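Residue numbers start from 1 in every chain, and the chains themselves are labelled A, B, ... in the order their sequence lines are given, proteins ahead of strands. These numbers were taken from a predicted model, which means no experiment stands behind them.
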Protein chains: 2
Amino acid sequence: MQTRDEVLDAALRCLNADPTASMAEVAAAIGIGRATLHRHFATREALVHEIAQRSLERWERGQAEVDMSGVAASGDAERIEACLRTMLAAFVQDAEDFAYALSDPCMLSQPDLAARMAELQELEVKFFRAAQEAGVVRRDVPAVWLSHTTYGLMIASREALQSGDVAAKGMADLVVSTFLDGAGAR
Amino acid sequence: MQTRDEVLDAALRCLNADPTASMAEVAAAIGIGRATLHRHFATREALVHEIAQRSLERWERGQAEVDMSGVAASGDAERIEACLRTMLAAFVQDAEDFAYALSDPCMLSQPDLAARMAELQELEVKFFRAAQEAGVVRRDVPAVWLSHTTYGLMIASREALQSGDVAAKGMADLVVSTFLDGAGAR
DNA sequence: CTCAGGTGAGACACCACTGTCTCACAACAG
DNA sequence: CTGTTGTGAGACAGTGGTGTCTCACCTGAG
């Protein structure tokens with residue numbers, strides 16, 4: 001007897017590995033019957049919707065845990081930088097969750113999800129603006145580009161981990177360092 | 001009467017916008033009948049395979065145009081840096097092509113395509129190693145990570161362009177700058 | 001003009017997937 | 001023991017997509 005969370009976890013893993021997996025395949029990956037999966041989620045759409053919802057909530061929780069908006073409003077460079085480092089590291093941890101949720105075409109077509117996603121991104125952009133004003137990050141690029149960059153590095157970290165090119169242990173530090181310092185020689 | 005290339009271009013655009021588009025939808029987007037599309041490509045798989053093939057060829061051509069391997073072998077820091085900048089800019093130009101081809105699950109399961117992709121990536125990693133030895137990029141990160149980073153930034157640039165957050169005109173410079181200098185304040 | 005070749009619309013068979021439902025069975029509580 | 005609840009396997013209907021094929025029509029060459 002699995003909890004709903006366990007079901008969702010396993011479903012996410014399966015769909016991450018193969019976004020085209022059928023409900024029968026998802027059910028098998030979870031270790032339950034297809035009828036049971038349908039009892040949890042009436043439709044495939046409902047399942048995907050809830051997975052995406054969870055990822056957005058995770059994102060939101062991440063922002064709240066480091067009090068991203070509060071730190072941004074403080075204008076304190078040290079706090080902002082610490083907050084940024086923590087968030088980047090958290091993105092690496094959550095890359096597996098987000099990769100599916102943020103790229104699935106079905107999700108982006110759901111108004112509630114797309115709206116929520118835009119809100120969270122806007123909050124993040126505000127944080128980067130504050131980081132610019134505080135002198136933590138460069139001011140000569142659009143703040144929204146910095147948000148896209150973190151997304152790109154999150155995708156990169158996911159791929160590097162999947163292919164075994166980089167050890168999980170140092171991944172977060174690598175992302176933080178790459179984001180802040182770039183790849184050019186010092 | 002459209003050429004095969006025009007058909008492929010239009011198909012790629014359609015599938016980029018909606019990877020789940022049916023053959024009927026792809027044909028309509030191209031402006032031809034479905035039967036005609038099938039006359040060009042016997043199966044959906046054949047179409048996708050050829051699109052991916054084209055993207056890989058484009059990637060390969062990009063490497064050849066700047067003589068990436070030759071420049072790497074020269075060990076000349078200035079040439080290597082110029083080559084790197086050119087390639088990064090080219091990635092931004094080609095992001096729309098690559099985004100679909102490099103992420104489609106079907107493609108990654110085709111042995112010939114996956115093998116070719118691995119070869120091209122290995123050549124790129126070799127280039128980054130040479131760039132490290134020449135003192136162009138930092139040596140304290142795995143060269144293969146630099147390859148993943150360029151991929152991540154390519155994805156980021158595609159998203160930024162799609163959402164209209166960044167103007168196409170300055171996109172390439174932004175990617176180059178972000179890659180080399182990072183986001184941290186100077 | 002005729003003929004050949006290409007095209008798009010539409011029909012058809014097949015298939016995989018989805019959603020729905022039944023039923024036998026297992027587990028648990030009283 | 002009985003009764004209740006939950007489960008998985010399997011059957012079924014419906015749907016959308018795929019591949020295949022036919023045919024009327026159009027275009028271009030001779």
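- For the side-chain contact (heavy atoms from CB on, under 4.5 Å) test, residues two or more places apart in sequence or in another chain that qualify with B/R79 are B/V71, B/S74, B/D76.
- For residues 173-186 of chain B, no residue pair satisfies the salt bridge (charged side-chain N to carboxylate O under 4.0 Å, His left out) rule, not counting sequence neighbours.
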Could I get a table of every N or O pair under 3.5 Å where one atom is in the protein and the other is in nucleotides 24-26 of chain D?
none

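- For A/R58, the side-chain contact (heavy atoms from CB on, under 4.5 Å) criterion is met by A/R61, A/E65, A/D94, A/F98, not counting sequence neighbours.
- Proximity of residues 25-32 of chain B to DNA chain C (heavy atom under 4.0 angstrom from any strand atom) is restricted to B/G31, B/I32.
- Judged by distance alone with a 3.5 Å cut-off, a donor-acceptor contact links the side chain of B/R34 to the base of D/dG19.
- Ranked by how close their nearest DNA chain C nucleotide is to the 5' end, A/A35 and A/S22 are led by A/S22.
- Residue pairs meeting the salt bridge (charged side-chain N to carboxylate O under 4.0 Å, His left out) criterion with at least one member in residues 27-44 of chain B, sequence neighbours excluded, do not occur.
- A/M23 places its CE atom 16 Å from the P atom of D/dA9, with the value rounded to the nearest Å.
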Cut-off 3.5 Å, no hydrogens considered: what does the side-chain donor-acceptor table look like for residues 120-132 of chain A, sequence neighbours left out?
{"residue": "A/E124", "atom": "OE2", "partner": "A/S147", "partner atom": "OG", "Å": "2.8"}
{"residue": "A/Q132", "atom": "NE2", "partner": "A/R138", "partner atom": "O", "Å": "3.0"}
{"residue": "A/Q132", "atom": "NE2", "partner": "A/V141", "partner atom": "O", "Å": "2.8"}

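- Applying the salt bridge (charged side-chain N to carboxylate O under 4.0 Å, His left out) definition to pairs two or more places apart or across chains, those involving residues 145-158 of chain B are B/E96-B/R158.
- Note that NE2 of B/H49 is 4.5 Å distant from CD of B/Q110, once rounded to the nearest 0.5 Å.
- For A/E119, the side-chain hydrogen bond (donor to acceptor under 3.5 Å, both in side chains) partners are A/R116, not counting sequence neighbours.
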